There are 2 protein chains.
Amino acid sequence: MNYSRQRESIKQYLMSTKEHPTAEIIYQHVKEDYPKISLATVYRNLTLLVDSGEALKISTGDGTDHYDGNTTEHGHYYCKCCHKLIDLDIAPTTGQILAASSEVLGTIETASLMFTGVCKDCIINEEK
Amino acid sequence: MNYSRQRESIKQYLMSTKEHPTAEIIYQHVKEDYPKISLATVYRNLTLLVDSGEALKISTGDGTDHYDGNTTEHGHYYCKCCHKLIDLDIAPTTGQILAASSEVLGTIETASLMFTGVCKDCIINEEK
DNA sequence: AGAAAAATAATAATTATTACTATTTTTTAT
DNA sequence: ATAAAAAATAGTAATAATTATTATTTTTCT
């Protein structure tokens, strides 16, 4: 894998935000610095970053995948109302990881907790 | 929501299998009983079943969503090699759910653990 | 049984993602 | 520093999953 400024820019943006942007949103941002970048380049590099462990892909089932530059162990909360993804300081325990590993008799490369519900902001808006 | 035999057949099939079939695979199966069923009908009913809590949608990021008729709390393991989804008898602890709930100050409707790696069968095949 | 409401089949349309190819950028070796 | 080789890119076409549309059929209610 050779260096490329476009990939570097994608990575910088991913690490700078707490949002969990989609490929399209990443594309819009990186475009400010590289106006000629192609959406296909964004997708290709996101796949490279995920495969090399420099980013995470999060699939919520809302039609488009989200990406996360924070690769430390953490959980996610998905609001089914506003479709926001929120980081949580909650990770599977080593006990849970070991249990999973011995249950499937295979390797464990990633382990994560996912929660869904209606977030605080949406609850407040519903009341109005 | 009115009764429909097609939806009933989809539900039966989902509850009868431990695989985590995609809409397309469900379509192929239900077609044996209802040869004229439409793929759009499968999608529509899967959405209805998921929304009413009678099935789960699982997004692995492999391009197509998977469905699960087992709605009891359990975790999943996704083999990134053969793309199989395997049920695990591992669920988030109440402690983890409470922690998530107080961290986001929103409701928790679903909570699940997801693991990825290379499953036993794929490890054996790689050795050959 | 007959009217109203909901569901379906068939297909068109949409949207996210990947594939392709000629050109440009990056690396490597001189 | 420069030229060849390898990798990456932009632009666009193609693919594949999902959703929307509409005329017809099924289900429910009275």
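Letters A, B, ... are given to chains in the order of the sequence lines, protein chains preceding strands, and every chain is numbered from 1. Bear in mind the structure is a predicted one, so any value in this text is a computation, not a measurement.
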With a 4.0 Å limit, can you tell me whether B/S38 has a side-chain N or O closer than that to the phosphate oxygens OP1/OP2 of C/dA10? no

Could you tell me whether the phosphate oxygens of C/dT17, OP1 or OP2, come under 4.0 Å of any side-chain nitrogen or oxygen in A/Y43? yes

Which pairs pass salt bridge (Lys or Arg N to Asp or Glu O under 4.0 Å) with one or both residues in [range], sequence neighbours excluded?
range	result
residues 86-99 of chain A	none
residues 43-70 of chain B	B/K11-B/E54, B/K57-B/D65
residues 20-32 of chain A	none
residues 95-106 of chain A	none

Short of 4.0 Å, heavy atom to strand atom, which residues of [range] count as contacting DNA chain D?
range	answer
residues 59-71 of chain B	B/G63, B/T64, B/D65
residues 4-17 of chain A	A/S4, A/Q6, A/R7
residues 25-36 of chain A	A/K36
residues 48-56 of chain B	none

Connected via hydrophobic side-chain network under 4.5 Å: [X] and [Y]:
X	Y	result
B/M114	B/Y77	no
A/I86	A/L113	yes
A/L88	B/I97	yes

Does [X] use its side chain to pair, donor to acceptor, with the backbone of [Y] at less than 3.5 Å?
X	Y	answer
A/S59	A/G61	no
B/R7	B/T41	no
B/T17	B/E19	yes
A/S9	A/R5	no

Transitive ILVMFWY cluster of A/L14, excluding itself - 4.5 Å side-chain cut-off: A/I10, A/Y13, A/I25, A/I26, A/Y27, A/V30, A/Y34, A/I37, A/L39, A/V42, A/Y43, A/L46, A/L49, A/V50, A/Y67

Rounded to whole angstrom units, what separation is found between the [atom1] atom of [X] and the [atom2] atom of [N]?
X	N	atom1	atom2	value
A/E24	C/dT18	CD	C1'	15 Å
B/M1	C/dT8	CE	P	10 Å
B/N45	C/dA7	CG	P	8 Å

Earliest and latest nucleotide of DNA chain D, 5' to 3', sitting under 4.0 Å from a non-hydrogen atom of chain A? D/dA7 to D/dT12

Evaluation steps, side chain to side chain contact (heavy atoms under 4.5 Å, CB included), between A/Q6 and A/D33: CA-CA 9 Å; A/Q6 290 89 337; A/D33 283 326; over 6 Å; no

For a quick check under 3.5 Å, do A/T22 and A/T64 share a side-chain donor-acceptor pair by atom type? no

Assert: residue with more 5' nearest nucleotide on DNA chain D, out of A/Y3 and B/T22, is A/Y3

With A/S101 via side-chain contact (heavy atoms from CB on, under 4.5 Å) - residues at least two apart: A/I108

A/N2 side chain, from C-beta outward: closest of C/dT8, C/dA10, C/dT27: C/dT27

Difference in axis direction between the ends of the helix from C/dA1-D/dT30 to C/dT30-D/dA1, five pairs, 10°: 50°

Both B/V42 and A/L39 contact DNA chain C. Which one's nearest nucleotide lies toward the 5' end? B/V42

Please test A/H66 against A/T60 for side chain to side chain contact (heavy atoms under 4.5 Å, CB included), starting from the C-alpha separation and ending with a verdict. CA-CA 8 Å; A/H66 296 253; A/T60 62; 4.1 Å; yes

Derivation of the side chain to side chain contact (heavy atoms under 4.5 Å, CB included) call for A/C82 and A/C119: CA-CA 8 Å; A/C82 65; A/C119 77; 3.9 Å; yes

Would you call A/Y78 and A/H83 a side-chain contact if the rule is heavy atoms closer than 4.5 Å? yes

